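In this text the structure is predicted, and so the values were computed from the model without any measurement. Below, read A as the first sequence line, B as the second, and so on, with proteins coming before strands; counting in each chain starts at 1.
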Number of protein chains: 4
Amino acid sequence: MKAVVYKGPYSVAVEDVPDPKIEAPTDAIIKVTTTNICGSDLHMYEGRTAVEEGKILGHENMGIVEEVGQAVTWFRPGDRVSVPFNVACGTCRNCTHGWTSFCLRTNPAEGVDGAAYGYAQMGPYDGGQAEYLQVPFADFNLLRLPEGDEHEQDFTTLSDIFPTGYHGADMAGVRPGDTVAVFGAGPVGLLAAHSARLRGAAEVFSVDREPDRLALAEQFDAVPVNIADGDPAEQIMAATRGRGADCGIEAVGYQAHDRDGNEHPEMVLDWLVASVRSTGGIGVVGVYVPQDPGAATEPAKEGRIGFNFGKLFQKGQHLGTGQCPVKRYSEQLRDLIIEGRATPSKIISHELPLTEAPGAYEKFDTRADGYTKVILHPAA
Amino acid sequence: MKAVVYKGPYSVAVEDVPDPKIEAPTDAIIKVTTTNICGSDLHMYEGRTAVEEGKILGHENMGIVEEVGQAVTWFRPGDRVSVPFNVACGTCRNCTHGWTSFCLRTNPAEGVDGAAYGYAQMGPYDGGQAEYLQVPFADFNLLRLPEGDEHEQDFTTLSDIFPTGYHGADMAGVRPGDTVAVFGAGPVGLLAAHSARLRGAAEVFSVDREPDRLALAEQFDAVPVNIADGDPAEQIMAATRGRGADCGIEAVGYQAHDRDGNEHPEMVLDWLVASVRSTGGIGVVGVYVPQDPGAATEPAKEGRIGFNFGKLFQKGQHLGTGQCPVKRYSEQLRDLIIEGRATPSKIISHELPLTEAPGAYEKFDTRADGYTKVILHPAA
Amino acid sequence: MKAVVYKGPYSVAVEDVPDPKIEAPTDAIIKVTTTNICGSDLHMYEGRTAVEEGKILGHENMGIVEEVGQAVTWFRPGDRVSVPFNVACGTCRNCTHGWTSFCLRTNPAEGVDGAAYGYAQMGPYDGGQAEYLQVPFADFNLLRLPEGDEHEQDFTTLSDIFPTGYHGADMAGVRPGDTVAVFGAGPVGLLAAHSARLRGAAEVFSVDREPDRLALAEQFDAVPVNIADGDPAEQIMAATRGRGADCGIEAVGYQAHDRDGNEHPEMVLDWLVASVRSTGGIGVVGVYVPQDPGAATEPAKEGRIGFNFGKLFQKGQHLGTGQCPVKRYSEQLRDLIIEGRATPSKIISHELPLTEAPGAYEKFDTRADGYTKVILHPAA
Amino acid sequence: MKAVVYKGPYSVAVEDVPDPKIEAPTDAIIKVTTTNICGSDLHMYEGRTAVEEGKILGHENMGIVEEVGQAVTWFRPGDRVSVPFNVACGTCRNCTHGWTSFCLRTNPAEGVDGAAYGYAQMGPYDGGQAEYLQVPFADFNLLRLPEGDEHEQDFTTLSDIFPTGYHGADMAGVRPGDTVAVFGAGPVGLLAAHSARLRGAAEVFSVDREPDRLALAEQFDAVPVNIADGDPAEQIMAATRGRGADCGIEAVGYQAHDRDGNEHPEMVLDWLVASVRSTGGIGVVGVYVPQDPGAATEPAKEGRIGFNFGKLFQKGQHLGTGQCPVKRYSEQLRDLIIEGRATPSKIISHELPLTEAPGAYEKFDTRADGYTKVILHPAA
């Protein structure tokens, strides 16, 4: 089959690789209909991770069940499904408590809980930027979708970015009537803003410096806050008459840059602490890593982020972090899409055949031509 | 009346000061029977805060209602009460949502929510290391105690340290059957360990380097972990067969020292991140401050604590911080004392007349003669 | 001043009564701008309660602060406010835990917790269908509104029916993506449906037999279910493909009638048990009473409602009940109105001067001329 | 193998039956070491259910894994395990949200969610009062125990009665410092009392009329309330100075009898409503059924329990009901046993070989010779 393969820094290729097979009786093979390029794929693309050459990339996958192992009883060939990016066993303590993003069994790496498809250090699982994908523990992991091809562009966000944005809102504790500050208006930040509104937020601020992203934020009913117009925390304090936002969401991660292009991994956390009111909650879904050889400072190379923790404590804020347990939210988000309440597909900028992946990676990485979110169709 | 007055770095004195009066109809005057010296009083004693000379110290107070304003209808002279250290209005948004430690009305300082008796930057309220104490919004703030003098040594912990320890356990999410790592075995850490057990923890580790504190920890049914025996996170990982603790509690604060006496404000947070399992919760009740001119490094002077946030994110941990809203817990803790389930008084090392406060501050500050917790009796 | 006074079964009159006065230093006097007739006022109007003749009715009140006692520091004359129907002390255990509807101090009746304005057995407090209203513990009870007269018709629902509907959704545990069945499309039921949507429900069913109410339900984005078309539980089961609703809300109460006009107090609870799925939650805000001399059966006279509790248990459902603690929700609902997310005023059918109250009671009681919700203006 | 088989009303026999086999790749076969007779087995024994003759009884099982299907990867032959009474798929919506007692896939009966071993209307699964037991979805359902035979008498309560008692405390919302009223001091009621204490309750009342059970209650640190001494709700009100218990637990069920032996299915619920304070929670784990042909009244035959719902509403109480999702609690309860915090085995009155099951059923049913809880050993 055809698949997008990592070839080294700034290089991916579409190559012929062997078809995946049923290896365990709990496996399923999915014929991929849509697979997306994620911002975190760019960490690997840029050579900033330890991903091995030859890895098939892609953790945002959906498609049609092609074949199932004999222990799979809940899904049949022909079923339309979304594949959460987490590879989860469904039986360990974390999985059974709803934390599929920290499965204790599927990642053989020492000291790392949680696995994913096509991802550095997240286990041996190939990705789904390919014609077919092998899915372990299929009865547990797969999410059933309505037959047909309706909502394909919305449903493709269910494998990662929509639940991830929602997870940010959930960890921040967004409740009806709340004011919410979302930092970052990339796909995850925009869907965090969308999620905050779905949870009943009265007002959502969406902070970024890219005008096209801020324009998208408005489509999701968020108030754009442009970093170019001044300190965003001060803008939010002014807009809330000095009270601050009730909740904050971090959707940028450790690679935050100032306007001169210098990396400041503590910058966004500082803004959050400053713009969220005392006792407020902060949900961090932007990625931070424990080792980052490419970081600008020695502390940052070992995951140390010197943000204003003293202020956080003085304000009595709380924060939640980490990769999203997709399964916790994806069923309810699917139902909101079906009922027309949620429309996450607005964030998609490009829809291409799989064979055009190499060019898409390049343009997405340089943010050329309005590449904000690319979805790929292996059958196209 | 007699009161303990701050005179400058390393100096307090017992002086004659005017008696407090009913100023607002919602005030009460308390005749103090017991008032404690808190570890955080030492921040002021050591001149590490902006507290003004002449301030009466003391925020851990209990006593008998002496007089009430005409709007006080719930308490009468003669009632025995505990006075939570938080001065709270009872009507602002934070108070009515249970966050009395972040009252929006009682602290006139710009940008700081929450007030306390006898404390730097926490409003104009005199402390209770004195014969009498003025209590604002008395109907809301006071906690009723049974008549008589039974449990005086236990009840005196209800104004601050017992609820504060419990708040750590609450923010960490301690549930029955959990394994809990408590860093710091001072009074708050010990009562955090006690609280974890009261909440049903199966196993509690108490981390410190002082043998007398570790011995006390055992009295609270905690397993002592001595920092002198090696990296405490590694000790906890070994004791949990590599799984890590389910929850962690920070009861040390920014003045953590290594064995050579050097301050390392990120040290304890790093240990917590390392010793708590993925998806686990961390409750931070050890104090961190947004400005600390006496800190060892430039970042620490402005509240920046460069702990391993990347690892925290990778493990999907969450944390809660800040001063304790005493009223949220003090009623239930009082009832546990009355029923004989809780015995926080075990942490008290010295019981002295108020007049001996200056010597007690000096010895407590140098940890001389086993001074771990001093309670003072103005009437003695 | 002018006030609506209860004169006996099916009789109210607008009479001249003495102006209310500041009696306690924590009191405020409100000049009423809008006050509503509530469905529960009809229980009294119909003579089905023990309310004494001469009582001023009206517990849904808003207006402008006219005068405050000397202990009131948070509100000033001229402030625009909503008055929650609960009279709450703000300092007892229930109030400080957010249960202002079960205040332990404001109702002198033996064995009944919670008080209200102008209501049978809910304490000695006069109602607000009058020019002025005395409000106890004003700093705690009043809700601040923006100056001016904007949103008056929306804000007037904040004293009772909007929070009460929301309380039903809260007790039922409505979460984003849920399917919700609301029984009763009177004002509270409609605002429960509105609340369910504000909390992110994917689909809301609104059950009633009155076509005008069902038409209103559609305006709140609910799917109407007409009892006249057959068993409503079966209709909901069919519409959910046999799964049942995730949550159910009871907004009818013990006076439920079948199509022949016979009272069946267990009918709606049975429908809820049948139409909510296993493990689902049910919020009961329709009123049930412990004594009802006018009930049709002996058990019902003493509050016994023989619904299918065996089925409830078999399905593992849970339910919450009781009067709404308005203060818990009214601030967030106010903010949703201000931001244009919530528009509860759609339920208002009539807007009249206070002097027309007697006719309004009569028509509302017989559901004549489309009287679904009447608001009164004392100054008109 | 030998197994206890239902032969008709008041008749069970130990017979030779075929050994169970691995049928699905997710199955395991357990060699039973301990299996208990449950109070609910008596419903079947007395002929009060539709259980078919020939059914192997027994849903409280533990033992050693004998054999596993090829899709079972988490357990190996020789592993010591507890088998939760719920047969759960681990992949349906209820299972993945923690409600294994309402599994949507394992019970083929129309309209009933949830399955169990050896139980009327709970699916085709044979029970474990036998030498071997077939366990579906073994990786998900089994609970791992430490090797050896330590704590066998404590661990045998993990399959049902200990988690069931704990579920009552959980649904009632028991928190540290609470006062809890438990109705029924049979095995489940006693372990509910034990659970309430493990969760930090300050005071627990245990209500029954059997002196031996009340004596056991005292061993679990509960205050006995003897129904023979007068109305138990009044006794609890007096003991709480008129305030009522914070939480209540129903551990009796629909077969409650008065002192003359007449069945009053609403009696215990009425006592709970009367003895729990306003806003308090009630957890119902005593069994209620939707059809009961043997009931004393027509309403009770169809599951209608005419308790004082009006009073429940007036007091704003909430209640949770239904069979326990064992897996939600059994891991933490196991850890509490291992650490010596929990000692549920105190409730065991008799320990017998499997072959003596018929006599044990008879004596347990008539409460002869102090038969309160019988555990059986197939290998003895």
(request) Heavy-atom distances under 4.5 Å only: say whether L269(B) touches chain A with side chain, backbone, both or neither. (result) side chain

(message) Which atoms of E266(B) are under 4.5 Å from chain A, going by heavy atoms: the side chain, the backbone, both sets, or neither?
(response)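 For E266(B), side-chain heavy atoms alone lie under 4.5 Å from chain A.
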
(request) Taking side-chain hydrogen bond (donor to acceptor under 3.5 Å, both in side chains) as the test, write out the residues that go with E60(A), two or more places apart. (result)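 E60(A): side-chain hydrogen bond (donor to acceptor under 3.5 Å, both in side chains) contacts with N36(A), K373(A).
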
(message) Taking 4.5 Å as the heavy-atom cut-off, does anything in residues 300-309 of chain B contact chain A, and if so which residues?
(response) E302(B), G303(B), R304(B), I305(B), G306(B), F307(B), N308(B), F309(B)

(message) Using a 4.5 Å heavy-atom cutoff, which residues in residues 235-252 of chain B come close to chain A?
(response) R243(B), D246(B)

(message) Strictly distance-based, threshold 3.5 Å: is any side-chain N or O of T321(B) a donor or acceptor partner for the main-chain N or O of H318(A)?
(response) no

(request) Could you list all the salt bridge (Lys or Arg N to Asp or Glu O under 4.0 Å) pairs where at least one residue sits in residues 96-113 of chain B, not counting sequence neighbours? (result)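 Sorted result for residues 96-113 of chain B: empty, none.
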
Let's test your reading of the structure: which of [options] forms the most heavy-atom pairs below 4.5 Å with chain A?
{"options": "K315(B), R93(B), H97(B)", "value": "R93(B)"}
{"options": "G322(B), G310(B), G320(B), G281(B)", "value": "G310(B)"}
{"options": "G286(B), P265(B), G114(B)", "value": "G286(B)"}

(message) How long is the straight-line distance from CG of L312(A) back to CG of L319(B), given to the nearest 0.5 Å?
(response)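 With rounding to 0.5 Å, CG (L319(B)) is 7.0 Å from CG (L312(A)).
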
(request) Heavy atoms only, distances under 4.5 angstrom: which of Q314(A), Q291(A), M171(A), K311(A) has the most pairs with chain B? Name it, please. (result) Q314(A)

(message) Shorter than 4.5 Å, heavy atoms on both sides: which option in V273(A), D292(A), D270(A) has the most such pairs with chain B?
(response) D270(A)

(request) Evaluate the side-chain proximity of F313(B) to V284(A): yes if any heavy-atom separation is below 4.5 Å, no if none is. (result)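 Yes, at least one pair of side-chain atoms sits under 4.5 Å.
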
(request) Assess whether atom CD of Q121(A) is packed by more than 12 heavy atoms of other residues, nucleotides or ligands within 6.0 Å. (result)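 Counting other residues, nucleotides and ligands, CD of Q121(A) stays at 12 neighbours or fewer.
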
